[in-house]
Amino acid sequence: DAGVIQSPRHEVTEMGQEVTLRCKPISGHDYLFWYRQTMMRGLELLIYFNNNVPIDDSGMPEDRFSAKMPNASFSTLKIQPSEPRDSAVYFCASSLWSGSTDTQYFGPGTRLTVL
Amino acid sequence: AQSVTQLDSHVSVSEGTPVLLRCNYSSSYSPSLFWYVQHPNKGLQLLLKYTSAATLVKGINGFEAEFKKSETSFHLTKPSAHMSDAAEYFCVVSARDDKIIFGKGTRLHILP
């Protein structure tokens with residue numbers, strides 16, 4: 001298996017633009033997670049899905065952020081409009097079953113820079 | 001409620017000497033505990049996990065951790081550090097309500 005795939009790996013955009021990050025989880029995994037990592041705040045869980053259904057989005061910072069999982073093999077995280085404080089590395093991870101006790105497999109991350 | 005505290009933000013050791021990365025947790029339920037490693041510009045990778053089986057858990061690359069309920073600790077150790085161990089290490093706690101909490105991370109530096 002290729003592991004969790006994220007695209008793009010790097011994104012540079014200007015304030016106010018829409019940004020879409022993409023994730024393909026490991027085939028057969030039921031759980032998908034989106035994280036944000038910054039120097040100031042460390043690693044934060046934004047949202048996670050179970051069988052394509054959002055379970056907990058309490059970590060989503062504000063309405064500018066939205067996430068979807070239209071099928072078991074694809075998820076997006078969208079920021080509209082983007083702001084400089086959204087600059088961070090965004091990770092997608094997936095796990096086979098239970099979100100709390102199973103190993104999470106992380107993608108390589110998308111480094112977002114908002115100018 | 002649950003939380004996790006990594007007691008050191010940076011640890012420096014010489015190559016060939018032991019490594020100790022400290023982690024304390026609190027949890028209202030029997031926790032699952034994990035250590036993940038993140039090498040520069042990479043995603044996180046599981047080192048080891050504790051899920052209420054043996055209290056001494058062995059992981060990859062010679063790392064191990066011991067679950068001590070009385071001390072609410074899950075410290076990560078390795079007998080002999082290697083240059084390739086230089087990375088950031090995250091202690092993670094989770095419980096049955098599916099809340100997953102990551103520690104702030106400990107950056108391990110290996111001195112030649």
Side-chain angles (χ1 to χ4, degrees), chain A residues 2-10 21 23-26 29-51 53-59 88-113, chain B residues 1-10 21 23 25 27-54 57-60 63 65 67 74 87-107:
Chain A
V4 175
I5 299 172
Q6 291 186 248
S7 64
R9 293 293 310 277
H10 301 272
L21 311 181
C23 175
K24 176 178 168 55
I26 293 173
H29 282 193
D30 288 341
Y31 284 76
L32 183 139
F33 306 80
W34 282 102
Y35 292 90
R36 178 173 69 176
Q37 186 178 39
T38 62
M39 289 291 291
M40 292 296 293
R41 301 173 69 92
L43 197 65
E44 304 172 278
L45 176 64
L46 300 177
I47 184 171
Y48 76 93
F49 296 82
N50 178 21
N51 290 321
V53 176
I55 302 301
D56 184 354
D57 65 354
S58 60
V89 181
Y90 291 81
F91 288 102
C92 176
S94 68
S95 66
L96 185 59
W97 46 280
S98 166
S100 64
T101 61
D102 196 18
T103 301
Q104 293 188 30
Y105 295 85
F106 283 75
T110 295
R111 183 174 296 276
L112 173 64
T113 302
Chain B
Q2 53 191 9
S3 66
V4 59
T5 302
Q6 293 185 241
L7 297 163
D8 306 293
S9 59
H10 292 265
L21 305 183
C23 173
Y25 71 92
S27 179
S28 302
Y29 307 103
S30 296
S32 295
L33 294 158
F34 306 77
W35 277 99
Y36 283 84
V37 60
Q38 184 180 28
H39 287 93
N41 300 312
K42 295 290 178 75
L44 280 72
Q45 178 187 16
L46 181 74
L47 271 180
L48 50 82
K49 65 179 177 181
Y50 166 80
T51 54
S52 74
V57 182
K58 295 188 183 298
I60 62 171
F63 284 94
F67 173 70
F74 191 58
E88 188 153 21
Y89 293 78
F90 294 90
C91 184
V92 182
V93 62
S94 66
R96 67 182 193 189
D97 62 355
D98 279 356
K99 290 294 184 184
I100 302 165
I101 308 295
F102 280 74
K104 297 291 187 186
T106 298
R107 189 167 295 278

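Scope of the values below: all heavy atoms of this structure, side chains included, with no hydrogens, waters or symmetry mates. To find a chain, count down the sequence lines: A is the first, B the second, and so on, and within it residues start at 1.
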What pair of heavy atoms forms the shortest contact from A:Asp102 to B:Phe34, and how long is it?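 Minimum heavy-atom contact is O-CE2, 3.9 Å.
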
For the student: nearest non-hydrogen atoms of A:Phe91 and B:Gln38, plus distance: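 Smallest heavy-atom distance, with atoms named: CZ-NE2, 3.3 Å.
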
My understanding is that only residues two or more places apart in sequence, or in another chain, count here; which of them pass salt bridge (charged side-chain N to carboxylate O under 4.0 Å, His left out) with B:Arg107?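 Salt bridge (charged side-chain N to carboxylate O under 4.0 Å, His left out) check on B:Arg107 returns B:Glu88.
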
What's the spacing between [X] [atom1] and [Y] [atom2] if we round to 0.5 Å?
{"X": "A:Tyr35", "Y": "B:Phe102", "atom1": "OH", "atom2": "CZ", "result": "4.0 Å"}
{"X": "A:Thr103", "Y": "B:Leu48", "atom1": "OG1", "atom2": "CG", "result": "10.0 Å"}
{"X": "B:Asn41", "Y": "A:His10", "atom1": "CG", "atom2": "NE2", "result": "7.5 Å"}

Using non-hydrogen atoms only, which part of B:Phe90 is less than 4.5 Å away from chain A: side chain, backbone, both, or neither?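 Side chain of B:Phe90 only, per the 4.5 Å heavy-atom cut-off to chain A.
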
Answer with side chain, backbone, both or neither: which region of B:Lys42 has an atom nearer than 4.5 Å to a non-hydrogen atom of chain A?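 Looking at B:Lys42, just its backbone touches chain A.
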
Looking at residues at least two apart in the chain, or sitting in another chain, which of them share a ring pair (Phe, Tyr, Trp, His ring centres under 6.0 Å) with B:Phe63?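 B:Phe63 satisfies ring pair (Phe, Tyr, Trp, His ring centres under 6.0 Å) with B:Tyr89 once adjacent residues are dropped.
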
Positive for side-chain contact (heavy atoms from CB on, under 4.5 Å) with A:Gln104, one of B:Leu44, B:Ile100, B:Leu46: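 Option passing the side-chain contact (heavy atoms from CB on, under 4.5 Å) with A:Gln104: B:Ile100.
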
If you draw a 6.0 Å radius around OH in A:Tyr105, do more than 12 non-hydrogen atoms from other residues or ligands fall strictly inside?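 Atom OH in A:Tyr105 is not packed in, count stays at 12 or less.
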
Interface residue of largest heavy-atom contact number with chain B, from A:Arg111, A:Gln6, A:Gln37, A:Arg9, under 4.5 Å: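 Highest number of pairs under 4.5 Å: A:Gln37.
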
